[in-house]
Amino acid sequence: MKLILLGAPGAGKGTVAKQLTAIDGSVQISTGDILRGAVQAGTELGKEAEGYMNRGDLVPDSLIMGIMEKRLQEPDCQSGFLLDGFPRTIPQAEALKVILNKLKIKLDMVAEIDVPRDVIFDRLCTRRTCENSDCQAIYNIKSMAPKKEGICDKCGSPIVQRADETQEAIGHRLDTYNEKTAPLTGFYKKEGLLKTITGTSSEVVVSAIKAELKK
Ligand code: ADP
Ligand code: ZN
């Protein structure tokens, strides 16, 4: 499948993407994971991106497009991909359209995961992420705690609160989403690709996406 997952921070894009990859081997491409990996590795990209990320601001479109143009041409994308956290602005969506046309790739659907803001705010405050950049597993201290407190079940590294998961940065990320990313629903509606799915459980969202893909 070739899918874009749209939705506010904390809507569950990452969790849904992981469940969908298990169906047909499509790869999850999360620009947030790529950027956090670069910050941890201390690369040029990481150094440029870090300040924006910690404030809860978007990284400039030019940086993101450079990453994604290359990423989409890697061989593992041929069997399908789930874009998680990209595109995030109208210019990114327009640039993506040009790249996909050039590569002769057709998207199946843009799935918007719609979750109420208070649920999201709550989730982000209690979210914890594995600090190992090759893992980045996600936990929630209220609803999905690791077996051993503070330790990742999958790789044994410490799980931490992300630098952009202070109350202030979370509020800012949600505002940025409403201002810059929410307009993408109009963009993809015009393209005839948008499906909006309302649901707070990833299982429900995954089944709805599967059902849409069968149509
Ligand atoms: P979330 O969806 O929880 O906000 P992500 O992991 O998708 O988290 O992104 C974390 C941060 O990385 C964003 O706040 C932003 O600074 C940066 N980022 C990720 N994807 C993009 C993108 N497509 N365009 C611009 N910045 C991005
Ligand atoms: Zn881990």
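Only this structure's heavy atoms are used, side chains among them; waters, hydrogens and symmetry mates stay out. All figures in this text were calculated on a predicted structure; none of them were measured in a lab. As the structure lists them, so they are numbered: ligands from 1, and atoms in each ligand from 1. Nothing fancy with the numbering, it's 1 onward along the sequence.
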Under 6.0 Å from the CD atom of Gln78, do we count more than 12 heavy atoms belonging to anything else shown?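 No.
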Taking atom OH of Tyr52 as the centre, report whether more than 12 heavy atoms of other residues, nucleotides or ligands fall under 6.0 Å from it.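 No, not enclosed.
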So, does Arg128 use its side chain to make a donor-acceptor pair with the main chain of Asn140 at under 3.5 Å?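 No; zero donor-acceptor contacts below 3.5 Å.
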About how many Å separate OG1 of Thr181 and CD of Glu112, when rounded to the nearest 0.5 Å?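 Reported to 0.5 Å precision, the distance equals 11.0 Å.
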What pairs with Leu96 under side chain to side chain contact (heavy atoms under 4.5 Å, CB included), at least two apart in sequence or on another chain?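 Expected list: Ile4, Leu72, Leu83, Phe86, Pro87, Leu100, Tyr188.
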Only one of Arg36, Gln40, Lys154, Arg162 passes side chain to side chain donor-acceptor pair (under 3.5 Å) with Gln136; say which it is.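 Only one of Arg36, Gln40, Lys154, Arg162 forms a side chain to side chain donor-acceptor pair (under 3.5 Å) with Gln136, namely Arg36.
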Run Lys180 and Asp61 through salt bridge (charged side-chain N to carboxylate O under 4.0 Å, His left out) and show every step you take. CA-CA 12 Å; Lys180 304 262 173 63; Asp61 291 335; over 6 Å; no
Working note: Arg55 + Asp164, criterion salt bridge (charged side-chain N to carboxylate O under 4.0 Å, His left out); need CA distance, chi angles, decisive distance, verdict. CA-CA 6 Å; Arg55 285 190 298 273; Asp164 62 355; over 6 Å; no
Results of side-chain hydrogen bond (donor to acceptor under 3.5 Å, both in side chains) for Lys97 - residues two or more places apart only: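 Checked Lys97 against side-chain hydrogen bond (donor to acceptor under 3.5 Å, both in side chains); matches are Glu191.
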Tabulation required: pairs of a nitrogen or oxygen in ligand 1 and a protein nitrogen or oxygen under 3.5 Å; columns are atom names and distance to 0.1 Å; otherwise 'none'.
unit_1	atom_1	unit_2	atom_2	d
ligand 1	2 (O)	Lys13	NZ	3.4
ligand 1	2 (O)	Arg88	NH2	3.3
ligand 1	3 (O)	Arg127	NH2	2.7
ligand 1	3 (O)	Arg173	NH2	2.7
ligand 1	4 (O)	Arg88	NH2	3.1
ligand 1	4 (O)	Arg173	NE	3.3
ligand 1	4 (O)	Arg173	NH2	3.0
ligand 1	6 (O)	Arg36	NH1	2.9
ligand 1	6 (O)	Arg36	NH2	3.0
ligand 1	7 (O)	Arg88	NH1	3.2
ligand 1	7 (O)	Arg88	NH2	3.1
ligand 1	8 (O)	Arg162	NH2	3.3
ligand 1	9 (O)	Arg88	NH2	3.3
ligand 1	16 (O)	Asp57	O	2.6
ligand 1	20 (N)	Thr31	OG1	2.7
ligand 1	20 (N)	Gly85	O	3.4
ligand 1	20 (N)	Arg88	NH1	3.3
ligand 1	23 (N)	Gly85	O	3.0
ligand 1	23 (N)	Gln92	OE1	3.1
ligand 1	24 (N)	Gln92	NE2	2.9
ligand 1	26 (N)	Val59	N	3.1

I need the protein N, O or S atoms closer than 2.8 Å to the Zn ion (ligand 2), given as residue plus atom name.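 Short answer, with waters excluded from the count: Cys130 SG, Cys135 SG, Cys152 SG, Cys155 SG.
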